[in-house]
Amino acid sequence: MIQCANVYKSFADTTVLSGVNFDISSGEIFGLLGPSGAGKTTLIKILTGQLAYEVGSVKTLGKNVESLTGEDKKNIGIMMDEFGVYERFSCVENLQVFADIYGIPHSKIKETLKMVGLQDAMRKPAMNLSKGMRTRLQLARVFLHSPKIIFLDEPTSGLDPQTMKSIHKIILEKKETGVTLFLTTHNMEEAAALCDMVALLNEGVIVEKGAPKEICRKYNHQKKIKLHLSSGEDLELKHGKESATEISRLFEAGAIETIHSSEPNLETVFLELTGRKLQEDA
Amino acid sequence: MRNIIVIIKKQIKDTIKNKVVLIQFILFPIMTLIMENAIKLDGMPDAFFTKLFSVMYMGMSPLTAMAAIISEEKEKNTLRVLMMANVAPWEYLAGVGIYVWTICMAGAGVMATGLEKKDILFYLLVMGIGFVISIVLGGCIGIFAKNQMVSTSLVMPAMAILSFGPMLALFNRTIEKVAKFLYTQQISVLLNKMSFGQGNGESIIIIMINAAVFIALFFMAFRRRGLE
């Protein structure tokens, strides 16, 4: 669905993207993880034809991004943090503008607003919506014309955990319909919860990519098991026969309260690879 | 064509909600109706307030509305959303331009009620041409300005010169000499004559030069900045 091969982009003397490579299959949620300033938004702009790149090749919907026609663009939905809504218009009126542009019957507007949980705020002017509701409205605008690929730039940035969860649910529901989703985030929990594949981007370079679980397993250098005993004591055991015997003994004695594997998460992998935290400025 | 109609529909809907733009459109027609009916002085030329306010209306409303609409969409980033929805920049500009022109013509239609019937067609034709030039200039400012604040700071002097120039020219000969190069001043001259008869050549040439300059400026601004 999306192919990005050896893409370079610079602004003046600053290289923003350097040799970026990845392929995204149809129906997949692909997450681009990186701290602010890593080049995530620039990459979305390149993939959607909003920005030219210097070297490499970018294919979206199987076509070179430069040769996407108006009809092709109807199969792409983009939600960027910086995109606005018509403040004086209600949710319905906001969507009416885009329904008319895409030639979609107005009957689909209610259905789309219901999908994103805005059915009770349909007539509310956008200026009176909370940040979470505005995000939902933007999602509704993206979903309205049923695109094949959806780009979401930090869709849950600045939202409370409850709203974030409900947005995740909407995104996962959308994935069920066979849509390909590309999302950027600096929230590793979000990436792990939503994405089939992720790429870790640091200073314009992809430092690792793959399925979140695979990446975490790959960087599981410690290979330790953490035990919390009923006595209150915490134990860390290395993988191996001796540990297996010890765990078995403790189990038999009923001394184990909790048992955890200790593979790293995406945050710690990113820290290991770059020396930077994903959310250092959040 | 569909996208142009969508933009026009969107703007019409917004006019009712956007009081700043709404006032721009209705202020002068209402003022004209009130003044024409309330003030009658001996020796006052026919339809004095209609002609005076018409030129001010032409220099203010389309210019301000056009620049305000474009700059607001740029500032709020709704313009980029439209562009991503495959609305071409020219479709957007045409949609907003047609909308502003139509509303202004409706306003001019109201103002024309103070004129003699035989003059109405001429009046509307001249006003229509003037509105187009103001719209091009307003579009130019809207394209050039990054946000509403910059737009306002550019519109204010342009508006003051175009609107008040012809009025001040009535009282000061030096200002008249300078103002004669403005299309609004020449439209004021045409409105006072109310005919395309002889002696209008200079006015028409100055109006055409103004239009050519603003159109060139518009394309330069658009090529340089686009609608980003």
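Order of the sequence lines sets the chain letters (A, B, ...), proteins ahead of strands, with each chain counted from 1.
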Is any side-chain heavy atom of A/Ile101 less than 4.5 Å from a side-chain heavy atom of B/Asn86?
-> no
Taking C-beta and beyond as the side chain, do A/Val85 and B/Val81 meet within less than 4.5 Å on heavy atoms?
-> no
Which distance, rounded to the nearest 0.5 Å, do you find between the OH of A/Tyr86 and the CG of B/Asp14?
-> 9.0 Å
CE of A/Met80 to CE of B/Met84, rounded to nearest 0.5 Å, is 8.5 Å
Is it true that, when you exclude [X] itself, more than 12 heavy atoms of the residues, nucleotides or ligands shown sit nearer than 6.0 Å to its [atom1]?
X: B/Leu121; atom1: CG; answer: no
X: A/Lys169; atom1: NZ; answer: no
X: A/Lys114; atom1: NZ; answer: no
X: B/Lys76; atom1: NZ; answer: yes
X: A/Met127; atom1: CE; answer: yes

Which of the residues A/Lys45, A/Lys74, A/Gln138, A/Met79 is involved in the greatest number of heavy-atom pairs with chain B at under 4.5 angstrom?
-> A/Lys45
A/Glu87 and B/Lys17: CA distance, side-chain angles, deciding distance, salt bridge (Lys or Arg N to Asp or Glu O under 4.0 Å) verdict = CA-CA 10 Å; A/Glu87 301 284 341; B/Lys17 297 166 192 275; over 6 Å; no
Under 4.5 Å to a heavy atom of chain B? For A/Phe98 that would be side chain
Could you tell me which portion of B/Glu75 (side chain, backbone, both or neither) has an atom closer than 4.5 angstrom to a non-hydrogen atom of chain A?
-> neither
Under 3.5 Å, is there a donor-acceptor pair between the A/Gln96 and B/Lys13 side chains?
-> yes
Between A/Glu93 and B/Lys9, is the closest basic N to carboxylate O distance under 4.0 Å?
-> no
